[in-house]
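These notes are about the structure you will find just below.
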Amino acid sequence: MPREVLATSPMGHPRGSWPAEEQARQFRAQGIPATVVAEIRSDRYLVVVPDQGGES
């Protein structure tokens, strides 16, 4: 099952993954369990809600 993407940031950003990490921190502060993953195909960092794994 696909993860919900909340935000994206380019991998080529001068600050690396920091912008995506900052966005994830803001979502977590709002109670949304956001995390950052690297998507190589699109050359972007994705801020996502992890798959909870509870669905059949």
Side-chain angles (χ1 to χ4, degrees):
M1 174 149 269
R3 299 173 181 169
E4 180 182 356
V5 178
L6 304 173
T8 68
S9 178
M11 283 186 171
H13 192 282
R15 292 178 58 214
S17 67
W18 285 12
E21 295 291 351
E22 290 171 353
Q23 291 173 321
R25 182 182 49 80
Q26 291 171 355
F27 283 114
R28 287 190 300 267
Q30 297 173 21
I32 301 168
T35 189
V36 176
V37 296
E39 185 181 65
I40 304 302
R41 289 183 184 166
S42 67
D43 198 33
R44 301 193 68 76
Y45 292 107
L46 307 178
V47 179
V48 299
V49 176
D51 183 11
Q52 298 301 313
E55 299 181 21
S56 303

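For the single chain, residues carry numbers from 1 onward in sequence order.
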Common cluster, Met11/Val48, ILVMFWY with side-chain heavy-atom separation under 4.5 Å: no

For residues 24-40, please give each side-chain donor-acceptor pair under 3.5 Å, one per line with the distance, not counting sequence neighbours.
{"from": "Arg28", "atom 1": "NH1", "to": "Ala34", "atom 2": "O", "distance (Å)": "2.9"}
{"from": "Glu39", "atom 1": "OE1", "to": "Ser42", "atom 2": "OG", "distance (Å)": "2.4"}

Set of salt bridge (Lys or Arg N to Asp or Glu O under 4.0 Å) partners for Glu22, sequence neighbours left out: Arg15

Thr8 to Arg44 - nearest heavy-atom pair and separation: OG1-NH2, 3.0 Å

Shared hydrophobic cluster, Val47 / Trp18 (ILVMFWY, side-chain heavy atoms < 4.5 Å): no

Heavy-atom closest contact (Pro10 atom, Tyr45 atom, distance): O-CD1, 4.0 Å

